[in-house]
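Below is one structure, written out as structure tokens, with a few remarks after it.
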Amino acid sequence: MTLSVAAPLAVQPVSERTLLLVWEGAAAPRSACLSVRIAGARVGAPHALVRLPLPAGRFRNILAARGGQRAGSAPIEIAGRDGRPVARLVCEAEAWQHAAGFDAPLLAGGLAGRERGRLLRFLAEVCGPLFHLQQDPAFGAALRALLPETVAAAGRMVARCRLPSGLVLCETGVPEGLGEHLSAVLIGSDVVARVATQPGYLPSGDTRPGRATVALILPAATAAGAGTVLIFGEGGLVRRIAGGAGAALPFADAWLAAAASARAEHRRFILDRLCDGSVGGRPAAALCRELQASGPGGGGSGIDAAADLVLATDSAVLVVGRLADPHGLAEQIEVERRGVRRAVPMAALARFTRRNPGNAAGDGFLFRLTDRAPTTAPVSLALRLGSGARIALGEGPAALSPVQAQGALLAALPGDGADDRVLSAIEPVFHDLVRARWQAAAVGEVVDIGCRPAHPKVSVLIPFCPEAELLRCRMGVLAADPTLDRTEFLYLIEDIGHATAAVQMLTALHAGYGVPSRAVVFAGRPPFGRMIELAAGLAAGRLIGLLGRSAVPEAPGWLAELARQLDARSPCGIVGAQVIHPDHSLLCAGYEIDSDAASGGGWALRPLLRGFPRDYLPAAEPTRVASLPAECLLLGRALARELIAAAGDLLLPESVAAAMCLGARARGLDAWRLPAPTVVTWRRDGGEEAPAACRGLIAELDRRLLARLQAVPGVGGTAAKRPAAAPPPCAVLPRRKVA
């Protein structure tokens, strides 16, 4: 036992290296005037001191000090500025036995309620930050042990809205007259932390007399009940709240926008805390921008977004929409399908200028996700802002046939000017839709009009054009040509809905001109390449010709001359006639296959001598070309069936003709453009597959597919051969004959 004239000293450890030194008697001098020695060695500052009044004019002095590795040694002494001891450990064994666990009565016993609040504030607000104890579970346990000994008014807390990083804005009522220096501390299961509070009182909330409302920013778990919040005024503990807020809360931007004028103080409070770093991180900065943009004078967030079209194939989902986000608040688009949620960053979107920006705000966007699932699996889309707020974009997929889906996709995109990102995003889905049409297409009906040749030499395929004047002109030229006695003409009607009117028109023309023909009606609206392939399977002639939708031979003998040139030239796979406009200017003298600087150096068909007069000298000689116009071609039936099979995905006649020429070249056969015979094309856009506004986009997609075909052996190049899928069987329904 060591006796001393100094006051007896009790030791209370609150962490591995931090001690609370407790003695009673006169009020201790300021902490700066005190020094602590453990085992004769001085413990360096900082120290923290609280003096709590006791009855009979006595004080309980509590000094917090860093004991270091000497915390288990003795003796311990507190001395004043003059070096005389103020308090000293009385009994080493008794003191450390007493300090083995946190002793709340040692600190709070005998204190009035107000002084207990001051003690708790000293520990939570002073000791915690000063000695970096906030993350120390032992310190949190010490405060929780002290709470039952501390008197505090119970308060109710109400959660208002969600903030980033798992935080919640809450409110609670407090008595008025507590001053401007309110503070709050959270005591959780493993943490003690300061809580951001409104420096003052909010004008709304608890309206009872003598009451005010304080705003708090808390972790969501604490707001839901996992922790205790202590609110301190200048005199000590004011409120003790044990969570209990609801879980379903709006995001801050939506909650503030619902009553912007009444919640101006809330907005200012949140913005202040976000800007000064009380709530940190990138999501906080995003919410700060969002609140500033949507606040008074900000003009609203300005976000206008919608998914205009959601298409799904067996292997992908394509979304086309619009987005106006002037403040850059959106961070990603969430796609939920079959219970799986995937995020698409804004940087991954392909952007384009909408065709009619006056009809809907915002530039267009699209993106594609690889997703092998049934096409009917529902898709839910939402725009996620940087703050975490979620804006619904729409649901899908659209219940459309492949033909309708392809048309809707083309209608949603610009007809020209689509950049590489847009094309790369839509190309796989677009060709999935084309192949769906390709597989659904079949010959619905074959109608024999008149008595066709029993053993035709040439079968000419003509896509049907409903323009009566053009049909009548071409039928007159065919009727006046005596060399066509062993020729069959197959008119290809791609829309089964127009079949009746088309057959009636062809029947009437046969009655007037006597030229027999066959009407081939297709189900499923096949692409042009697939339509030609199915028709070639019906052709009985040794040779197959292709005459354009609006092409009219200029003079008799044209087909016989093409057949003679095909047989006379070796090696020759395809021959094509000279094609002119009604003003006698050249449509083109064939195509080169070259890089096109205007399209960024990509593969392209480049027309030769387009617009030159028909008698221009370089066009007056037979010429080998890379590709021929689709208005007038002739080739052998066996070769045609091989070459057309590679063109089933292609939509434009020029692209199908190019694929055939590439395939012939891969087999060592040339394509020849002849100066005679000549056909006249009346109109380039008559009856084409897509509206004129979409032709540029379709041409770009066909161009990409042709570029790949050029690298495939047996089609146009020397790349490694890939197996070709067998085409579906051609379903032919019973023929009928019209006399």
Side-chain angles (χ1 to χ4, degrees), residues 446-494 499 501-521 531-532 535-536 538-566 575-582 584 587 628-635 637 640 653 674 676-684 686-687 737-739:
V446 178
V447 182
D448 290 329
I449 303 171
C451 185
R452 68 186 182 90
H455 301 287
K457 178 181 178 180
V458 183
S459 298
V460 180
L461 312 181
I462 308 174
F464 182 77
C465 174
E467 189 171 340
E469 183 180 0
L470 190 152
L471 281 174
R472 189 180 300 111
C473 175
R474 182 164 55 199
M475 195 69 74
V477 173
L478 299 181
D481 191 341
T483 65
L484 299 180
D485 57 332
R486 293 184 58 192
T487 302
E488 68 170 351
F489 296 96
L490 289 81
Y491 285 89
L492 315 181
I493 305 169
E494 66 264 44
V503 170
Q504 290 175 351
M505 189 178 299
L506 291 173
T507 302
L509 290 172
H510 169 260
Y513 293 95
V515 179
S517 60
R518 306 178 75 187
V520 183
V521 181
M531 183 173 65
I532 297 298
L538 300 175
R542 178 179 66 85
L543 302 176
I544 289 182
L546 178 61
L547 196 61
R549 210 183 293 264
S550 60
V552 177
E554 189 179 40
W558 60 280
L559 194 55
E561 178 62 16
L562 286 176
R564 188 185 69 81
Q565 293 281 355
L566 183 65
V575 292
Q578 177 175 253
V579 185
I580 63 173
H581 291 292
H584 288 228
L587 169 68
L628 291 163
E631 271 66 24
C632 188
L633 300 175
L634 188 68
L635 68 165
R637 183 177 64 178
L674 306 175
T678 301
V679 298
V680 180
T681 178
W682 278 25
R683 191 176 62 193
R684 291 287 293 153
K737 184 173 182 178
V738 178

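Excluded from the calculations below are hydrogen atoms, water molecules and symmetry mates; all remaining heavy atoms, backbone and side chain alike, are included. Quick note: residue numbers are just sequence positions, from 1.
A salt bridge links Arg564 to Glu561: at least one charged side-chain nitrogen sits closer than 4.0 Å to a carboxylate oxygen.
Between Pro463 and Leu546, the shortest heavy-atom contact is CD-CD1, 4.4 Å. Of all heavy-atom pairs spanning Pro516 and Phe489, the tightest one is O-CD1, 4.0 Å. His455 approaches Arg486 most closely through the heavy-atom pair O-NH2, 3.3 Å. The nearest pair of heavy atoms linking Ala480 to Pro482 is O-CD, 3.3 Å. The two atoms that bring Val515 and His510 nearest to each other are O-CD2, 3.3 Å, heavy atoms only. Ala519 and Val503 make their closest contact through CB-CG2, 4.0 Å (heavy atoms, listed as atom of the first residue, atom of the second, distance).
Rounded to the nearest 0.5 Å, atoms CD1 (Ile493) and CE (Met531) are 10.5 Å apart. Going from atom CZ of Arg549 over to atom OG1 of Thr681 covers 11.0 Å, rounded to the nearest 0.5 Å. Atoms SG and CH2, from Cys473 and Trp682 in turn, are 4.0 Å apart once rounded to the nearest 0.5 Å. Between Ile544 atom CD1 and Glu488 atom CD the span is 9.0 Å, to the nearest 0.5 Å. The distance from atom CG of Leu674 to atom CH2 of Trp558, rounded to the nearest 0.5 Å, is 13.0 Å. Atom NZ of residue Lys457 and atom CG of residue Leu543 lie 6.5 Å apart, to the nearest 0.5 angstrom.
With Arg452 contributing its side chain and Arg518 its backbone, the two residues share no donor-acceptor pair below 3.5 Å. Side chain of Arg474 to main chain of Ala551: a donor-acceptor pair is present (N/O by atom type, distance under 3.5 Å, no hydrogens or angles).
Between Leu478 and the options Val460, Leu484, Leu559, Thr487, a side-chain contact (heavy atoms from CB on, under 4.5 Å) holds for only Leu484. Put simply, the residue from Leu547, Leu538, Ile532 that forms a side-chain contact (heavy atoms from CB on, under 4.5 Å) with Leu461 is Ile532.
A 4.5 Å side-chain heavy-atom check between Tyr491 and Leu471 finds at least one atom pair inside the cut-off. When side chains are defined from C-beta on, Val680 counts as touching Pro582, because their heavy atoms get closer than 4.5 Å. At least one side-chain heavy atom of Cys632 sits under 4.5 Å from a side-chain heavy atom of Leu562.
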For this session: Take Val458 and Arg542 through the side-chain contact (heavy atoms from CB on, under 4.5 Å) test and state the conclusion after the steps.
Result: CA-CA 6 Å; Val458 183; Arg542 178 179 66 85; over 6 Å; no
